[in-house]
Amino acid sequence: MAMDYEKCAKEIYETLGGRSNLVSAAHCATRLRLVTVDNSKIDMKKLENIDGVKGVFSNNGQLQLIIGTGTVNKVYDAFLNVSGMTAATKEEVKAAAAAQQPIIKRMIKALGDVFVPILPAIVASGLMMGLVEALGKAIPAFAGSDWYGILDLMANTAFTFLPVLIAVSAARVFGGNLFLGAVIGMIMIHPNLINAWSVGSMNVADIPVWHLFGLPIRQVGYQGHVIPVVIAVWLMCKIEKWMHKHVPEMIDLFVTPLSTVLITAFLTLGLIGPVFSTAESYVLEFAGWIITVGHGVGAMIMGALYPFTVVCGIHHMYNVIEAGMLSAVDGLNIWMPIASAANFAQGAACLAVGLKSKKLKTKSVAIPSALSAALGITEPAIFGVNLRFVKPLICGMAGGAVGALLGSIFQIGATSYGVTGIPGFLITLDYSWQYAIVLVVSFVVSFALTWVVWKEEIEPNENEKKEENQIETSEQTRLEKEELVLFAPIKGNVISRAEIPDETFASGVLGEGVGIEPEIGEVVAPFDGEISSVADTRHAIGITGPGEMEVLIHVGIDTVHMNGDGFELLVKEGEKVKAGQKLIRFDINKIKAAGYSSTVAVLLTNSEDYSNVQVVKSKKTEQMEKVFLVKK
């Protein structure tokens with residue numbers, strides 16, 4: 001029986017609470033994607049039981065209703081008529097969903113968005129810094145060689161100019177001019193300013209000051225800092241956008257950039273920087289006091305809080321405290337094991353994410369970042385992974401706290417500073433076994449907690465939560481008829497439906513079928529039929545054929561986010577096609593480079609209408625070989 005699209009749309013609309021509870025609506029090849037004002041007002045059970053809705057789940061601020069290929073577009077059109085809403089793109093729905101998230105979550109996401117693109121530079125520099133420092137400690141002659149000098153220069157470049165990298169990335173995230181962002185970043189570390197790492201060893205009276213409009217501006221740079229750069233560029237983007245709207249177009253080209261840089265630079269050097277520096281001083285004074293609190297409690301607290309000082313970009317200033325410890329009577333740096341436990345724990349949490357994640361993109365970031373953290377450079381792990389997912393950060397804090405407590409109990413002292421993690425063995429030679437226990441315990445606690453507590457967030461169109469098929473099939477007489485054949489639309493390796501790396505496809509909620517790992521980037525029609533639907537992003541197509549078979553061919557997993565890049569659609573909706581006719585061309589390498597699986601899902605979306613769907617092909621297949629047989 002044909003589906004009543006108008007009835008389905010009306011029931012969905014009414015169950016959602018009407019227009020006042022709706023923000024935005026769009027659809028993809030199989031799902032109706034909605035953003036609502038308040039999901040708690042919706043009766044999810046009632047929504048799932050609407051005829052035509054095969055599954056419902058909420059994720060990342062989106063409410064997604066699984067409806068199916070060839071029908072979702074018709075329900076969507078009816079939904080727009082009923083609700084009076086206008087069509088939105090998937091990106092607009094995604095943006096609307098993000099805007100519904102709590103401000104803290106949006107802020108954390110913004111930080112992640114700023115740091116993820118610069119992670120390759122940070123990871124490369126972090127690994128090189130750890131290796132060069134370890135070699136320098138192990139081989140004193142190497143530390144004074146030309147090789148050490150040039151490798152050290154290469155290793156620390158990304159960190160020396162980190163504010164510039166952050167500024168460019170932040171300008172991209174906040175929608176400003178990238179090159180103006182770079183200028184702000186360079187102003188904050190200009191060589192005419194005193195290096196931020198040198199300020200801690202200077203008397204306040206010796207720091208030069210500019211006096212402008214009766215206000216003092218300290219001539220201090222912001223090397224190694226994170227938050228002031230992000231805030232400064234965010235402010236710059238706000239100013240730039242405002243000026244573009246209000247400055248006449250004739251003079252906008254030179255007035256807006258000039259005014260934006262000047263205003264932002266003065267506010268940064270005169271307000272943002274000094275405020276952050278004051279906060280930084282208080283944090284350091286607090287750290288210096290709490291680390292001396294007896295019985296290891298202070299060390300445990302600092303082991304937990306250390307990652308937050310990395311987020312604020314003030315952890316380099318601990319070198320002042322460590323240098324003071326080394327110049328004391330006993331001459332031992334008791335801060336180092338605390339920092340090392342915290343760093344190693346964050347690396348362990350990051351590694352757990354990398355090993356547990358099913359996403360290639362997450363793995364490719366997390367595993368190298370964990371190695372970098374093991375060598376003492378935690379920015380890639382914290383900003384690229386743990387802070388983004390929150391729970392790994394907290395689990396790492398727990399591991400760091402336990403390890404720091406042990407370090408304090410063992411009274412471990414280092415003979416230098418600036419080295420943590422595995423290279424730290426070189427400066428804790430008198431406490432080697434104790435230091436090893438600290439690292440092992442920090443690692444085990446953090447890794448185990450992360451493995452148990454953290455679950456990979458389900459993103460739209462990828463690895464969705466497994467849903468039971470809610471469709472109630474009416475009884476009908478099933479007569480044995482001539483077998484219908486579906487031929488392979490692509491050359492490659494056939495895998496079972498359950499092996500498709502997407503829970504919605506694998507669970508069968510969209511029908512029986514198979515996955516094909518493609519060897520060539522070409523999809524052909526699996527039978528004579530009519531194109532019932534095409535995705536705007538050209539990665540999926542629906543086709544209706546003999547015996548009213550409705551088939552979805554979905555190229556890649558989560559490839560909707562590629563927005564059509566690498567895909568060429570060769571047919572249009574409503575077009576009659578012949579078996580073997582080319583439907584889609586796609587670039588396998590582009591899909592893999594973007595971090596997505598290239599597996600093609602071939603699903604008979606109305607398989608419940610048939611008495612038997614038998615898969616007859618496995619492993620290698622050529623185009624147009626029999627894949628499964630269908631009986632009424």
Side-chain angles (χ1 to χ4, degrees), residues 126-127 129-140 142-143 287 290-307 310 315 318-319 321-352 355 369-378 381 395-451:
L127 292 173
M129 282 178 69
L131 291 171
V132 170
E133 287 182 2
L135 287 172
K137 295 289 183 182
I139 311 172
F142 176 74
I290 201 171
I291 198 174
T292 60
V293 174
H295 308 297
V297 175
M300 182 174 67
I301 293 172
M302 289 310 300
L305 295 180
Y306 183 81
V310 175
H315 58 297
Y318 288 126
N319 289 344
I321 296 174
E322 294 179 277
M325 291 177 179
L326 291 172
S327 63
V329 177
D330 57 10
L332 287 177
N333 174 9
I334 61 172
W335 167 258
M336 179 270 183
I338 296 173
S340 200
N343 287 346
F344 216 68
Q346 291 298 321
C350 183
L351 181 63
L355 295 178
S369 296
L371 176 58
S372 176
L375 296 174
I377 308 300
T378 55
C395 293
M397 290 168 61
V402 176
L405 174 62
L406 284 176
S408 178
I409 293 172
F410 290 146
Q411 297 183 337
I412 298 173
T415 56
S416 182
Y417 64 89
V419 179
T420 60
I422 294 173
F425 280 102
L426 300 173
I427 60 172
T428 56
L429 296 177
D430 294 334
Y431 304 90
S432 294
W433 68 268
Q434 295 98 324
Y435 185 66
I437 291 174
V438 167
L439 294 188
V440 169
V441 171
S442 300
F443 182 95
V444 170
V445 171
S446 178
F447 187 93
L449 284 175
T450 304
W451 192 270

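The shown structure was predicted, so the numbers you read here are calculated from the model rather than taken from an experiment.
- For the residue pair Gly403 and Ser442, the shortest heavy atom distance occurs at CA-OG, 3.2 Å.
- For the atom pair CG of Asn343 and CD1 of Ile338, the computed distance is 12.0 Å after rounding to the nearest 0.5 Å.
- Applying the side chain to side chain contact (heavy atoms under 4.5 Å, CB included) rule to Ala349 yields the partners Asn386, Pro392, Ser446, Thr450; only residues at least two apart in sequence or on another chain are considered.
- Separation of atoms CG (Leu371) and CD1 (Ile422) is listed at 7.5 Å; rounding is to 0.5 Å.
- In this structure, CD on Gln434 lies 12.0 Å from CG on Leu439, to the nearest 0.5 angstrom.
- Residues forming a ring pair (Phe, Tyr, Trp, His ring centres under 6.0 Å) with Tyr431 (at least two apart in sequence, or on another chain): none.
- Applying the side chain to side chain donor-acceptor pair (under 3.5 Å) rule to Ser340 yields the partners Tyr435; only residues at least two apart in sequence or on another chain are considered.
- Two residues are said to be in side-chain contact when any heavy atoms from C-beta on lie closer than 4.5 Å; Met397 and Pro307 meet this criterion.
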_Run the side chain to side chain contact (heavy atoms under 4.5 Å, CB included) test on Phe344 and Thr420 for me, step by step, so that the C-alpha distance in whole Å, both residues' side-chain angles and the decisive distance to 0.1 Å come before the verdict._
CA-CA 8 Å; Phe344 216 68; Thr420 60; over 6 Å; no
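- Gly303 approaches Ala404 most closely through the heavy-atom pair CA-CB, 3.8 Å.
- Considering every non-hydrogen atom in both Phe142 and Gly136, the closest pair reads CD2-N, 4.0 Å.
- The shortest non-hydrogen separation linking Ala373 to Thr378 is CB-CG2, 4.0 Å.
- Looking at Trp335 and Met302, their side chains come closer than 4.5 Å, going by heavy atoms from C-beta outward.
- Shown here for Leu449 and Ala398, the closest heavy-atom pair between the two residues is CD1-CB, 3.7 Å.
- Every residue two or more places apart in sequence or in another chain that forms a ring pair (Phe, Tyr, Trp, His ring centres under 6.0 Å) with Phe447 is listed here: Phe443, Trp451.
- When all heavy atoms of Cys350 and Ala370 are compared, the pair lying nearest together is SG-N, 3.9 Å.
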